[in-house]
Amino acid sequence: MAKLVIVESPAKARTIGGYLGSDYVVESSIGHIRDLPNNAADTPAKIKDKPWGRLAVDVDNGFEPYYVVPRDKKSHIAKLKKLVKDADALYLATDEDREGEAIAWHLLDELKPPKGLPVHRMVFHEITKPAILAAVENPREINDDLVEAQEARRILDRLYGYEVSPVLWKKVMSGLSAGRVQSVATRLVVDRERERMKFRVASYWDLDATFDAGTGHDPRMFPAKLYSIDDVRVARGADFDNTGELVSTGSTGAKRRVHLSRADAEALASGLGDTTYDVRSVESKPYRRSPYAPFRTTTLQQEASRKLGMSASVTMSVAQRLYENGFITYMRTDSTTLSDAAVGAARDQVRELYGAEYLPDSPRTYASKVKNAQEAHEAIRPAGDTFRTPAQTGLSGEQFRLYELIWMRTVASQMKDAVGNSVTIRIGGAAADGRDVVFSASGRTITFHGFLKAYVEDIDDASKRRDDAETRLPNLTQGAAVSAATLSPEGHETKPPSRYTEATLIKELEDREIGRPSTYASIIGTILNRGYVYKKGTALVPAWLAFSVVRLLEEHFPRQVSYEFTASMEDVLDEIAGGRKDRATELGEFYYGSGDVVGLKTLVTDLGEIDAKEMATFPIGDGIDLRVGRYGPYVEGPGPDGGDASPVRANVPDDLPPDELTVAKAKELLANPAGEEQVVGNHPDTGLQIVAKNGRFGPYVTEVLPDDAPKSAKPRTGSLFKSMTLDTVTLEQAVKLLDLPRIVGTDEDGTEITAQNGRYGPYLKKGTDSRSLTSEDQIFDITLDQAKAIYAQPKQRGRGAATPPLKELGNDPVSGQPVIVKAGRFGEYVTDGEYNATLRKDDTVESITLERAAELLAERRERGPAKKAAKKGAKKAPAKKAAAKKTAAKKAPAKKTAKKA
DNA sequence: CAGTGAGCGAGCTTCCGCTTGACTT
C-alpha cells in the first residue's frame, strides 16, 4: 500500500516522485480529465434532445453543466481508478489555481475513492524538495468556492462561444467562431488596421548637424538636431496625430510648435552659413536601469520572437521539450517569482561568471505585474538547485538557444543595476536673418554595465533605443564655443501605427487580462485558422472577413466584445471564489440579462435585427463598396460609364492588406473586373476570344464579345467539368463546352434529345423530361441509342435509388429489415428501408458493423419519423421542436456530492 | 460574380483552459 499523489503533468510527477520516495506513488492527471462535451458525437444521447443539449449546460436549471470524460482520457482514468483502489491515501496535488482546484474536484468526483480513504488537497508553488515535503505535511481541503468560480468561467465561455458562433454561421459564413478571447483578439487586430486606414501621413523637416567641440588637429565631432527657432520648438513626429495634423498649433504655451517645410529647412540652412555657436546648456542626469524580471510565458514568447525569430507555438513546443527533459521549470506560468534555491543558484553563477562586484548585497525579488496572475508556478528558469551553463547541457539547435536565453535572463535578474549618465546639450546661434536657432544633442554613457553585461532585451519599436545603447558626447560646459562641421536639411514622414505581431498581440492580451499562459499561442492559431487574420512576414493582417465579423459583434454584442469584458468577468469570478457571489445568479445575469443588461440569450434570439448585407459592406469612397462575399472579398462600384449602368464587381486579392485598398486601388481592380481570368484562345468559327474564369458556380469558360456588340447580346458560357481546371483547359474543350447543350439526336416522335451540364450535374433533356447522367464525359460521348435506352427506363426518383448499396450488413435487430450502407448526397449512410442514419465522423464503410449500424438507426428512430408529409411548397415546415413532450426535468447529473462534507 | 431540371436520408460547424502523446509521411 502506498499513498497516491496526483499532479497535472507527467514530468512533474517524475520529479516529485523522486523527492517523496517509495511510500508514495506519484501520477498525473495530464491536465483536465473531464469537460463539457466537445461536439455532438461526444454528447450523450440522454441530453442530446434537451433544448440545452447542444450547450451541455442546463440553462433552465441553475446552469448545471454536464461533464463527460473525453474519449482519449478514458483509459487513463481507468488506470487512476485502479491506483486509487490500491492506495491508502489520496493526495490531490494539482496546481494551486482556479483550474487546478477544479481538476482536483473532478478527480475526486470521477475516481470516487472508497469511503474511509483519506483524501487531501496538497499544494505547492515550486518543485523543490523542501517545498514538496512541506506540502505533504500541510494538506488542506478542496476549496469549493474556487471550483465554483472555475465552473462559472467554463460555462460562461461555453455559452458565449456556442451561442454567438451560430449567429456568425447564419449571418456571415458557416464554420466561423466567436469567443470571449478570440473575438477580442481579432478586434484588436482589426482596430489597429482601422487606425492605419485612417492614418494620414505628415511630412516635416529639420536640420541634422555635426558639431565640432575640438580644434583643427583634434576634432571632437558629435551629432545634433535642430531643436527650436526663436524659442519655439520644431515639430517632430510625436507632435503630429494620425490625421497628419499638428497635435497643438496654439500660438502660445509649451505646446507651440513650428512646422518646417522643405523650403523652410533649406532657407534656414543657408542662413546658418556664417553662424557661430556656443553651448547654451548642459544637463546631466544619472542613468540607472534595473534588470528585467525572470521570464514568464508571455515575456519568453516575446523575446524568443525578437531574438530567435520563433513563433509563439514553436517557442512553447521547444520549451516543452526542455521541461520534459529536466532543463527548465514549467513553461506555462504567469509568475516571475524564483524559489530560494533558484535565487541562490543564480547568485552563485553571477559570482562565478561576472565576479562579486556584479552581485547585489541582497537577492532581488520581482512582484507580479500581471493583474490576474494566479501564480501556481515559479518563473521560467533553469531547473535544479544549481544551474547548468548552456555549454554544460549538451543541448543543440533551438533547444540550446532557448535554454541559453532563459539561463541568461535568470542570471541577469540577480545582478546589479546598470548605471551611467545621460546628457543633453543645447547649442545656439543666430541665423543671418536674426532668428535664434538652437540645436540639441543627447548622449548616454554607461559607467557600470551590471546586468546589461549578461542580458539586454530587444526592442520592437525601431524608434526606441536598446538599454545598452551608448552615445558619447564631448565634455562641454555652458558658454563653450563650438563650430558646425556639417548642416543638412532632413525630411521625415510620420508612420502609421505598426501592425501587431504574434508577440505584441500576446503582450496586449496579457495587459488586458485576456487569455492564460496555456492558451496564448493557440489563440494566435485560432484566429489564423478561422481566416480572420493572416501573416505577412511577422505582421498579423486582418482579412476583410474579420472586419465583417468584428463589426457584427461590435454592433450587436457590444458588451461581450468590449475590451473590458474579461476584466470584469475576472472580478465577478473573484467574488464567487470568495463566496460573496453566487455562480448561478451571475450566469443568469449574463445569459438572461437583468436591469439594463441585455442577456446573451435575447441578443442571439433577435437575429432579425442583424442585416447581414450591411455588416459585410464597407464604403471605400467614390461610390465604391467593399463587400465580403461567400467567395471572398470583392469591390463593387458604378460601371465605367457611371450613372445607372449595372454595377461592376472585381475580386480583391486575398493578400491585399485592407489599408492598401485605397480608392485608386479599388478603381484599378474595377477597371479589370475579369480578375484572374485565363485566355484560352480564339474560337475557330467565331474568332471570339475565349477566357476561363471563376464564377459563382465554379470555374467556367466564356467568350469575350467585341465592344461594338449590341447590348442585348449575351456571351455563351459553360462550366468546366470536374476533371478540368482553369489553368489546363484546352481550346478544344472550351469550344465543346460553349457549344452545349449538345444535340444527341431525335427520338422516334421527333423530339430532340440534348445533353448538358446543370445544377445537379450532367443530364439529358427531352422536352420537359430530364434524366441524370452518371458522368460529365457522357455529355460529349453518349450516343442516341444509349440515350434512348435511358429514356426507356422509368424515371428514377432521386440519386439514391440509382446507386447500388455499398455494403450489406444483415438484418436490423429492431425492424428485422436488411440494413445496407449507401452513398448519398450528404455522405454515406445506413438504412433499414424506413430510417436513414448518416455515418458519423469515426465510422467508415469498411469498418462499420451491424451493431454500430443498429446503434445509429436506433438513435435516428428515437428522433421520430422523417417529415415525410412535406412535399411541394413545404420547403420550410420545421417540425415544431416537440416542445410538449418535456420529460419531468431530470435532476442534473450527480455532482458536488463530493464537495459536501 | 455565369443562369441550368429533379427530388430527396441530414448533421455538423463552435468556446476556453489544463495537459501529452498517438497518429501519419
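Model, not experiment: these values are computed from the prediction. First the proteins, then the strands, lettered A, B, ... as listed; each starts at 1.
Rounding to whole angstrom units, CG of residue A/Leu740 and P of B/dT4 are separated by 12 Å. Between the NZ atom of A/Lys48 and the P atom of B/dA10 there is a distance of 15 Å, rounded to whole Å. When rounded to the nearest whole Å, the span between CD1 of A/Ile779 and P of B/dT4 equals 14 Å. If you measure from atom CZ of A/Arg771 to atom P of B/dG7, you get 12 Å, rounded to the nearest angstrom. Atom-to-atom, CD1 of A/Ile820 to C1' of B/dG9 comes out at 12 Å; the value is rounded to the nearest Å.
Between A/Glu752 and A/Lys765, no side-chain nitrogen of the basic residue sits less than 4.0 Å from a carboxylate oxygen of the acidic one, so the salt-bridge criterion is not met. A salt bridge between A/Glu96 and A/Arg121 is absent, with no side-chain N of the basic residue lying under 4.0 Å from a carboxylate O of the acidic one. Ion pair A/Arg153/A/Glu99 flagged as a salt bridge, since at least one NZ, NE, NH1 or NH2 atom sits closer than 4.0 Å to an Asp/Glu carboxylate oxygen.
The OH atom of A/Tyr67 sits 8.0 Å away from atom CG of A/Asp35, with the distance rounded to the nearest 0.5 Å. With rounding to the nearest 0.5 Å, the separation of CD1 in A/Ile790 from CZ in A/Arg771 is 8.5 Å.
The list of side chain to side chain donor-acceptor pair (under 3.5 Å) pairs with a residue in residues 517-530 of chain A, not counting sequence neighbours, reads A/Ser177-A/Arg530.
A side-chain contact (heavy atoms from CB on, under 4.5 Å) with A/Ile523 holds for exactly one of A/Thr186, A/Val184, A/Val181; it is A/Val181. The only option from A/Ile103, A/Leu107, A/Val69 that meets the side-chain contact (heavy atoms from CB on, under 4.5 Å) definition with A/Arg34 turns out to be A/Val69.
The nearest heavy atom of DNA chain B to A/Leu720 and to A/Ala837 marks one nucleotide each, and the one closer to the 5' end goes with A/Leu720.
Using a 4.0 Å heavy-atom cutoff across all strands shown, A/Ser174 reaches at least one base atom of the nucleic acid.
Stacking of A/Tyr700 onto the six-membered ring of B/dA2 is present: less than 5.5 angstrom between centres, less than 30° between planes.
Helical stems in DNA chain B, defined as runs of 3 or more consecutive Watson-Crick or G-U wobble pairs with both donor-acceptor distances under 3.5 Å, are not found.
No side-chain heavy atom of A/Leu764 sits under 4.5 Å from any side-chain heavy atom of A/Gln756.
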Discussion item. Output one letter per nucleotide in nucleotides 14-23 of chain B: B when a protein non-hydrogen atom lies under 4.0 Å from the base, S when only the sugar-phosphate is that close, - when neither is.
Written reply: BBBBBBS---

